[in-house]
Amino acid sequence: MQPLTTKELEYIVDSMSNEDLLIKQCVAIIGSTQNQNVKQVCQTMVNQHQQHYQQLMNVMQQHQSMGTSQTQ
Amino acid sequence: MQQQQMNQPSNQQMQHMPILQDPDIVYSYLADLKRTAREYTTAVTESNCPEVRQQFEQLLQSCLQMQGQVYQLMSQQGWYNTSSSVQSQEIMKQITTYQQTQQKTQQLVQKFVQ
């Protein structure tokens, strides 16, 4: 495992923003639709987006100790 | 006066009607899934750490699967117009053209590559 590059960290946090938005969109759909098919699909999607978010969080946590220290 | 009030939707009725209907709101979700898949692709190709790359690859795969499911849902609901099917004559034309391309490139390969 190698220390995260600046670029990698940016992609990770951008992806987390994306996943967060996708969760909220699914919740909005679930809240507004009367269509049971749509509701069901979105409910499974919420869980998956939450898992994605946690996986990205784990990547940051795993690399945290490898980061360059501020005081050199 | 009374009549008019009956025909207009009351304030309360308006509030219960979502501004975005199902097809629009699901389409907007689908569009963001597609955008997220593109961003995961960029992240994969620009990762340095092999473990980070692998994680992005897995997230991309999962994201594409979800996009496919949402597309199928929209298609089943009749919310998506697929583009018209192509005529077999048009396919035949392209097959002929690209068989010629293949042949020419093959000759080039044979000439320069052992």
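The analysis underlying the following values was restricted to heavy atoms, covering all of them including side chains, and did not include hydrogens, waters or symmetry mates. A note on names: the letters A, B, ... follow the listed sequences, proteins ahead of strands, and every chain is numbered from 1.
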Extract the chain B to chain A donor-acceptor pairs under 3.5 Å, no hydrogen or angle test applied.
residue, atom, partner, partner atom, Å
B:Asp22, OD1, A:Thr33, OG1, 3.2
B:Asp22, OD2, A:Thr33, OG1, 2.6
B:Ser28, OG, A:Gln25, OE1, 3.1
B:Tyr29, N, A:Gln25, OE1, 3.4
B:Tyr29, OH, A:His49, NE2, 2.8
B:Asp32, OD2, A:Gln25, NE2, 2.8
B:Arg35, NH1, A:Asn18, OD1, 2.9
B:Arg35, NH2, A:Asn18, OD1, 3.1
B:Glu39, OE1, A:Asn18, ND2, 2.8
B:Tyr40, OH, A:Glu19, OE2, 2.6
B:Glu46, OE1, A:Lys7, NZ, 3.1
B:Glu46, OE1, A:Tyr11, OH, 2.8
B:Asn48, N, A:Glu8, OE2, 2.6
B:Asn48, ND2, A:Gln2, OE1, 3.1
B:Cys49, N, A:Glu8, OE2, 2.8
B:Gln55, NE2, A:Gln55, OE1, 3.1
B:Ser62, OG, A:His52, NE2, 2.6
B:Gln77, OE1, A:Asn35, ND2, 3.0

State plainly whether one hydrophobic cluster holds both [X] and [Y], where clusters connect Ile, Leu, Val, Met, Phe, Trp and Tyr through side-chain heavy atoms under 4.5 angstrom apart.
X: A:Met1; Y: B:Phe56; answer: no
X: A:Met66; Y: A:Leu9; answer: no
X: A:Met16; Y: B:Leu59; answer: yes
X: A:Val13; Y: A:Ile23; answer: no
X: A:Met57; Y: A:Leu22; answer: no

Look up atom CG in B:Leu33 and atom SG in A:Cys26, then write down how far apart they are to the nearest 0.5 Å.
->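 B:Leu33 CG to A:Cys26 SG: 7.0 Å, rounded to 0.5 Å.
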Using a cut-off of 6.0 Å, state whether more than 12 heavy atoms not belonging to B:Ile19 lie near its atom CD1.
->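 No, the 6.0 Å shell around CD1 holds no more than 12 heavy atoms from other groups.
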So which of A:Ile12, A:Ile29, A:Leu56, A:Val41 has the largest heavy-atom pair count under 4.5 angstrom toward chain B?
->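 Top count of heavy-atom pairs under 4.5 Å with chain B: A:Ile29.
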With a 4.5 angstrom heavy-atom cut-off, which part of B:Val52 approaches chain A: side chain, backbone, both or neither?
->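 Side chain only.
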At a heavy-atom separation under 4.5 Å, does B:Ile25 approach chain A through its side chain, its backbone, both, or neither?
->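 Interface part for B:Ile25: both.
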Contacts of B:Glu90 that satisfy side-chain hydrogen bond (donor to acceptor under 3.5 Å, both in side chains) - sequence neighbours left out |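 Expected list: B:Gln94.
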